[in-house]
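Read through the structure below, which is laid out as structure tokens, and then see the notes.
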Amino acid sequence: QVQLVESGGGLVQAGGSLRLSCRASVQMFEARTMGWFRQVPGKEREFVAKISRSGTSSDYADSVKGRFTISRDNAKDMVYLQMDSLQPEDTAVYYCAAGWAGAPPRSRFDYASWGQGTQVSVSS
């Protein structure tokens with residue numbers, strides 16, 4: 001059974017920073033691409049960032065490139081999202097996602113499991 005638990009969300013002023021964490025209770029964590037997504041009520045969930053199984057490769061949405069950094073610790077089954085220079089448009093529920101063991105995602109949203117999300121609110 002896969003369980004993903006996000007933490008670290010909160011309220012921050014524009015220009016501030018937050019670090020999200022995701023604890024994964026999943027077999028073969030090191031064999032899974034991990035991702036972060038976000039969703040605003042009434043809108044579709046959108047991709048934020050992903051990181052390869054080894055942690056040597058990452059990809060970001062254009063809207064967060066240069067401000068957000070995804071990382072992982074395979075020894076602790078953790079994935080992180082460092083968010084700097086936050087803006088009001090970053091306000092959303094942020095979700096952690098675990099990919100399929102041994103295979104990269106076949107499409108942007110092709111992930112095996114999703115967390116419950118953590119709220120990030122950025123005030124202007």
Side-chain angles (χ1 to χ4, degrees):
Q1 185 175 357
V2 178
Q3 184 177 19
L4 302 172
V5 180
E6 303 95 336
S7 62
L11 174 63
V12 64
Q13 288 188 333
S17 298
L18 284 174
R19 188 193 192 208
L20 303 184
S21 299
C22 173
R23 180 178 300 280
S25 298
V26 60
Q27 291 183 343
M28 301 177 65
F29 174 82
E30 70 284 355
R32 301 175 186 267
T33 296
M34 297 297 294
W36 285 98
F37 294 77
R38 66 188 182 185
Q39 189 170 20
V40 175
K43 294 189 176 182
E44 294 186 352
R45 189 169 297 188
E46 65 172 344
F47 167 78
V48 174
K50 68 175 181 179
I51 189 166
S52 64
R53 291 168 283 181
S54 64
T56 57
S57 177
S58 57
D59 185 30
Y60 298 90
D62 288 343
S63 59
V64 307
K65 202 170 292 183
R67 300 188 298 121
F68 291 11
T69 303
I70 188 171
S71 61
R72 66 190 294 164
D73 185 339
N74 284 349
K76 298 181 179 179
D77 290 359
M78 296 287 294
V79 63
Y80 307 97
L81 186 68
Q82 177 67 40
M83 305 186 295
D84 299 319
S85 301
L86 283 162
Q87 299 301 315
E89 53 266 34
D90 295 317
T91 295
V93 177
Y94 283 71
Y95 297 90
C96 174
W100 305 95
R106 296 166 294 179
S107 63
R108 188 63 97 185
F109 295 94
D110 182 31
Y111 285 77
S113 300
W114 300 79
Q116 293 299 306
T118 185
Q119 176 71 47
V120 171
S121 300
V122 185
S123 63
S124 57

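All residue numbers refer to positions in the sequence shown, counting from 1.
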Are [X] and [Y] side-chain neighbours, meaning at least one heavy-atom pair lies under 4.5 Å?
X	Y	value
Y95	Q39	yes
D90	R67	yes
D59	R108	yes
Q82	S71	no
T91	Q119	yes
L4	M34	yes
I70	V79	yes
E6	L20	no

Atom of [X], atom of [Y] and distance for their closest heavy-atom approach:
X	Y	result
G99	A112	O-CB, 3.8 Å
G117	V93	CA-CG1, 3.8 Å
Q87	G15	NE2-N, 4.2 Å
P105	D110	CB-O, 3.4 Å
S123	P88	C-CG, 4.4 Å
A101	R32	N-NH1, 3.6 Å

Test item: [X] side-chain N/O and [Y] main-chain N/O as donor-acceptor pair under 3.5 Å:
X	Y	result
E30	R53	no
E46	E44	no
R23	Q3	no

Exercise. Is K65 atom NZ crowded by more than 12 heavy atoms from other residues, nucleotides or ligands, each under 6.0 Å away?
Worked result: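 Yes, NZ of K65 has more than 12 neighbouring heavy atoms, counting only those of other groups under 6.0 Å.
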Problem set entry | Residue pairs fulfilling ring pair (Phe, Tyr, Trp, His ring centres under 6.0 Å) with at least one residue in residues 28-81, sequence neighbours excluded | F37-F47, F37-F109, F37-Y111, F37-W114
